[in-house]
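Comments concern the structure below.
Given the structure is predicted, the values throughout are model-derived calculations rather than measurements. Atoms considered below: every heavy atom in the structure, side chains included; atoms not considered: hydrogens, waters and symmetry mates.
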Amino acid sequence: MDVLIQALVPVFGLILLGQFLRRIQFPGDGFWPMAERFTYYVLFPPMLLYKLGSAHIPASAYGDVALVVVGMGLSMTLILAVIQWFTRWPGPVFSSVYQGAIRFNTFVGLASAGLLMGDDGLSLFAVAVAINVPMLNLLCILMFSVVVGQGRPKLASVFRTIVTNPLIIGSVSGALWGYLGIGFHPVFARFLEPLSSMGLPLGLLTVGAGLQLKGMRSASMPFLVSTALKLVAFPFIAAGLAWLVGVEGLLLQVVVLLAALPTASSAYILARQLGGDATLMAGIISGQTLLAIFIMPLTLGLLG
């Protein structure tokens, strides 16, 4: 537990610092959206390329990660469908509950994986990102088309969104680089290394700056259900699936961490664009991120 606390305190400390800086308007409101875009498009892809390209991941790990990650997404989707059968929430409300229970914050995840499990854990987590992000994008867009009534999703648009995602580009490129054993020239490595070091701290600061604490005033039963599923139930579901397929060791830790993360801040953008309950989504994102400070060490500690 001490190791968990020592690793996670810096992660959430940077998030809280970002929120504090945003509240005192330093260095200005216009800085934070640009910093988030800069981190997402410029810093993260080189970091993923460098970490994955330098890692030595056995080929079998890719199949194991894919099997568990896909199982996690489908299992939680089924659970949420059953809950909606009984609750009959309006489509926009359910869309926010769904995103809150199934999506994960990549910035927090990569930083936590690196601090808890070192470069090997971070590399395995990046593999999970490469598999999970396209699947979750597809599931969420299909969900919106069903429950919010936005019509049939355009597959070409969905495909373009996935293949142009910087996290996917960085993860897939890094995985191929490492699998082929190309290695990095010392000059190229010295170029990528500082970019890798910049990405996570700045990313965590932007997570904190993006929290909308006013949205938590709308906390209600949908908020509680989404948060309980994401921060408490999902890690145990992931651990159970991993046990069923024989996943253990570092890979098990990566899978449980992935499930225990608070939901993604990008879920707010999708809610706003596709007719979801954006106010509820903002409350879920902010509430989960703050509650994760206390809940993540407990769940990760219980599940080893």
Side-chain angles (χ1 to χ4, degrees), residues 7 10-11 14 35-70 72 104-137 159-207 242 247-258 261 264 266:
V11 171
L14 285 169
E36 184 176 13
R37 285 178 57 83
F38 180 72
T39 304
Y40 192 65
Y41 287 100
V42 178
L43 298 181
F44 261 39
M47 183 200 71
L48 293 169
L49 171 65
Y50 181 61
K51 296 296 184 183
L52 271 170
S54 304
H56 301 286
I57 300 174
S60 61
Y62 292 92
D64 291 338
V65 170
L67 185 61
V68 178
V69 164
V70 172
M72 288 164 57
F104 65 98
N105 193 304
T106 309
F107 291 172
V108 178
L110 287 167
S112 300
L115 289 170
L116 282 169
M117 295 169 271
D119 284 347
D120 288 344
L122 191 152
S123 299
L124 272 176
F125 190 90
V127 172
V129 167
I131 298 165
N132 215 5
V133 168
M135 179 189 69
L136 292 184
N137 274 313
F159 179 76
R160 185 168 56 250
T161 299
I162 291 172
V163 299
T164 57
N165 187 304
L167 301 179
I168 300 299
I169 294 171
S171 297
V172 172
S173 300
L176 288 174
W177 200 287
Y179 182 77
L180 296 174
I182 299 172
F184 295 103
H185 188 279
V187 174
F188 191 32
R190 290 191 184 100
F191 172 75
L192 292 174
E193 190 171 4
L195 285 176
S196 300
S197 301
M198 290 170 61
L200 291 176
L202 185 56
L204 292 172
L205 288 171
T206 63
V207 169
V247 167
E248 56 186 14
L250 187 62
L251 185 51
L252 172 62
Q253 295 174 33
V254 167
V255 168
V256 172
L257 172 63
L258 179 69
L261 294 168
S266 57

Checklist line | From CZ (F125) to CG (L251), nearest 0.5 Å | finding: 12.5 Å
Margin query: Could you tell me if the side chain of S173 sits less than 4.5 Å from the side chain of L49, heavy atoms only?
Written below: yes
Next item on the list: List in chain and number order the residues that pass side-chain contact (heavy atoms from CB on, under 4.5 Å) with I168, two or more places apart in sequence or in another chain; answer none if no residue qualifies.
Entry: V133, P134, N165, V172
Next item on the list: Evaluate side-chain contact (heavy atoms from CB on, under 4.5 Å) for S171 paired with V127, printing each intermediate quantity in order.
Entry: CA-CA 6 Å; S171 297; V127 172; over 6 Å; no
Notebook entry, point to check: Where do L124 and A61 come nearest, in terms of heavy atoms and distance?
Noted result: CD2-CB, 4.1 Å
Next item on the list: Please name the pair of heavy atoms, one in L252 and one in A242, separated by the smallest distance, quoted to 0.1 Å.
Entry: CD1-CB, 3.5 Å
Notebook entry, point to check: So which pairs with a foot in residues 162-186 pass salt bridge (Lys or Arg N to Asp or Glu O under 4.0 Å), sequence neighbours left out?
Noted result: none
Which pairs of donor and acceptor atoms, one on a side chain in residues 105-122, lie under 3.5 Å apart (sequence neighbours left out)?
residue	atom	partner	partner atom	Å
N105	OD1	F107	N	3.1
N105	OD1	V108	N	3.2
S112	OG	V108	O	2.8
D119	OD1	K51	NZ	3.3

Next item on the list: List for me each residue that meets side-chain contact (heavy atoms from CB on, under 4.5 Å) alongside I182, sequence neighbours excluded, and say none if there are none.
Entry: W177, L180
Item checked: Distance, nearest 0.5 Å, that separates CG of L167 from OH of Y41 -> 9.5 Å
Pairs under 3.5 angstrom only: tabulate donor-acceptor contacts from the side chains of residues 185-205 to other protein residues two or more places apart or in another chain.
residue	atom	partner	partner atom	Å
H185	ND1	V187	N	3.1
S196	OG	L192	O	3.0
S197	OG	E193	O	3.1

Note to self: Test of understanding: with side-chain hydrogen bond (donor to acceptor under 3.5 Å, both in side chains), list the residues that count as partners of D64, not counting sequence neighbours.
What the structure shows: none
Note to self: Just so I know, are the side chains of F38 and T206 near enough to count as touching, which here means a heavy-atom distance under 4.5 Å?
What the structure shows: no
